[in-house]
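Residue numbers begin at 1 in each chain, while the letters A, B, ... track the order of the sequences.
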Protein chains: 2
Amino acid sequence: MDTLLKNLKVEINDKLFLKDPETTELGKRIVGHSILMIHEMGFEQFTFKKLGKAIHSNESSIYRYFENKHKLLLYLTSWYWSWLEYHLVLGTLPLSDPEARLKKAIIIVTDEISQDSSFDHINESVLNKIVVAEYSKSYLTKEVDLENKQGYFAVYKRLVLRIRDMIVEVNKDYLYPASLSSMIIEGALHQHFLKEHFTAITDCDLTTTPTTYFLNLIDQLLLTYER
Amino acid sequence: MDTLLKNLKVEINDKLFLKDPETTELGKRIVGHSILMIHEMGFEQFTFKKLGKAIHSNESSIYRYFENKHKLLLYLTSWYWSWLEYHLVLGTLPLSDPEARLKKAIIIVTDEISQDSSFDHINESVLNKIVVAEYSKSYLTKEVDLENKQGYFAVYKRLVLRIRDMIVEVNKDYLYPASLSSMIIEGALHQHFLKEHFTAITDCDLTTTPTTYFLNLIDQLLLTYER
DNA sequence: TCAAATATAATAGTATTACTATCATTAAAT
DNA sequence: ATTTAATGATAGTAATACTATTATATTTGA
């Protein structure tokens, strides 16, 4: 399985880049370092000029890979969701019991990525923190409908639908499986953010994690016996 | 009650502005028109220069009221949450039954603001749309901890805690009242966004609203009989 | 009512951002 | 060895996000 993971080619909409960064050394350095820099300084402060300096390359060279930093963010987050989807599929495949499958899925999508699998140039743990802090900005734009039409959010949506389907398998009578699924995925990011910055309005901390909270949630919503 | 509403002075952290916009005609025009413009063009495209032109005033005059557009966004969203809190308090005050109170609270914070009460220069319905589309950007920044310490998010947090308390009143055994409350408030904004832009991953539409969904959620989580 | 204070407008200027364009250099492939 | 492709260096543009200065209205209060 580890070798499988190593050979995994994450699937990303090819309109998100001008030149596939996976095909060159420079491309990988752009992606790898942009993750670290966006995490360090935040998306607003991050610029291609600063990135060029950091990787001892040139601003103009970076523009040959990505049109602008918005597209780069879409690329990075697509990579993340695609990577997570792969783990979800792989992690739930051996489980035939719907309840066990769903629980495993919840764990995968709500847990913090603490382990840097570091099989490549991408630090998944840092990328996870970027997704928590910046993902909303990728779709809260005036261009969202156009970009959605272009398929820029396809991976994310497919992930939500996978979990929706698992919800239905567990309880076909539950009326809002899509909303529940999208709420869990977005809500987990939010709770992770709150436990770092607004501790007063979350119960999540070092012992109670967003995973604990959401496992309890689906348990009560879907798995409680006849009422 | 209508006159009460009219005399309501929404409470806002006074570090969010340089000069209170409520005290002058120009200030009110700045606030009123910035809401319309941010809604029309999105926060990224919105500038003080454009706003100045739109209200036939000068960029430099706007800078005398607000340090920058980030502070203006914090001001507008604070105004919104304060206004909503007022409605929450007023709307739940007459209800003594904890369950009825909580349900009423959920309705107030998850429903779309369709009616423009238009008792003043602020269009609450448009402001509500701004909150859906832009609120996350006000706290997903590198300055969030500093700004939180300054109290810029105090109203929002207090609203979350009010609903948390109502949750506890309904079911003192529920383990995650703060996370549930924060999830409902943020989740409602998210579901409203999804029903406009990512319809495939939500069950919300014209008939099933976020309110329907969240009322069912608390019903199942807190109000279901002994299990 | 007239002077002083205050609010607003107009204009100019700066550093940075988010690019585009051009040309030079280096590396790779045929 | 030559062409092609990739990268780097430099320059330039329009817009943004301001700051500063000065001019002009408007308000107020002695």
Side-chain angles (χ1 to χ4, degrees), chain A residues 14-34 37-38 40-76 121 134 137-138 140-143 146-147, chain B residues 14-34 37-38 40-76 121 134 137-138 140-143 146-147:
Chain A
D14 61 13
K15 287 184 218 97
L16 288 177
F17 49 78
L18 298 168
K19 179 190 174 120
D20 188 348
E22 288 298 317
T23 59
T24 66
E25 260 319 301
L26 178 61
K28 287 177 192 170
R29 261 161 56 222
I30 289 171
V31 169
H33 270 78
S34 66
M37 285 187 80
I38 291 171
E40 270 166 38
M41 60 180 69
F43 189 66
E44 282 71 30
Q45 274 62 52
F46 169 81
T47 69
F48 280 3
K49 189 159 203 169
K50 289 175 187 170
L51 175 60
K53 201 169 183 183
I55 62 175
H56 302 291
S57 175
N58 201 276
E59 197 188 1
S60 59
S61 303
I62 298 165
Y63 275 105
R64 286 203 195 84
Y65 286 84
F66 296 99
E67 269 179 70
N68 50 53
K69 70 174 181 174
H70 172 66
K71 286 275 177 76
L72 172 59
L73 180 62
L74 287 169
Y75 177 90
L76 295 177
H121 54 291
E134 320 284 2
K137 298 171 192 169
S138 77
L140 294 178
T141 70
K142 275 290 157 186
E143 296 76 34
L146 192 74
E147 296 188 345
Chain B
D14 62 13
K15 287 184 217 97
L16 288 177
F17 49 78
L18 298 169
K19 178 191 175 115
D20 188 349
E22 288 298 318
T23 60
T24 66
E25 260 319 302
L26 178 61
K28 286 176 192 170
R29 259 161 58 223
I30 290 171
V31 169
H33 269 79
S34 67
M37 284 187 81
I38 291 172
E40 270 166 38
M41 60 181 67
F43 189 65
E44 282 69 33
Q45 273 63 53
F46 168 81
T47 70
F48 280 4
K49 189 160 204 170
K50 289 174 187 170
L51 175 60
K53 201 168 184 183
I55 61 176
H56 302 292
S57 174
N58 203 275
E59 196 189 1
S60 59
S61 302
I62 299 166
Y63 274 105
R64 284 202 199 83
Y65 285 85
F66 295 100
E67 269 181 70
N68 50 55
K69 70 174 180 173
H70 172 67
K71 285 274 176 76
L72 172 59
L73 180 62
L74 286 169
Y75 177 90
L76 295 177
H121 54 291
E134 320 284 2
K137 298 172 191 168
S138 76
L140 294 179
T141 70
K142 275 290 158 185
E143 297 76 33
L146 192 73
E147 296 187 344

Are [X] and [Y] packed together at the side-chain level, in the sense that at least one heavy-atom pair is separated by less than 4.5 angstrom?
X	Y	value
A/P21	A/I30	no
B/K50	B/H33	no
B/K19	B/T24	yes
B/L72	B/I62	no

Rounding to an integer number of Å, can you tell me how far [X] [atom1] sits from [N] [atom2]?
X	N	atom1	atom2	answer
B/L18	C/dA7	CG	C1'	14 Å
A/Q45	C/dA15	CD	P	19 Å
A/I62	C/dT17	CD1	P	14 Å
B/K49	C/dA10	NZ	C1'	12 Å
A/E59	D/dG8	CD	P	13 Å
B/F48	D/dT19	CZ	C1'	14 Å
A/I30	D/dT7	CD1	P	8 Å
B/R64	C/dA9	CZ	C1'	8 Å

Between [X] and [N], is there a contact of a side-chain N or O with OP1 or OP2 at under 4.0 Å?
X	N	answer
B/K50	D/dT16	yes
B/Y65	C/dT8	yes
B/Y63	C/dT8	no

Base, sugar-phosphate alone, or nothing: which one does [X] contact when heavy atoms must sit under 4.0 Å apart?
X	value
B/F66	nothing
A/E67	sugar-phosphate
B/K69	sugar-phosphate
A/S61	base

Side chain of [X], heavy atoms from C-beta onward: which of [options] has the nearest atom to it?
X	options	answer
A/K19	C/dT17, D/dT19, D/dT7	D/dT7
B/N58	D/dG8, C/dA10, D/dA17	C/dA10
A/S60	D/dC18, D/dA20, D/dA9	D/dA9

message: Once rounded to the nearest 0.5 Å, what's the spacing between atom OG1 of A/T23 and atom CD of A/E25?
response: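 Interatomic distance, A/T23 OG1 to A/E25 CD, rounded to 0.5 Å: 10.5 Å.
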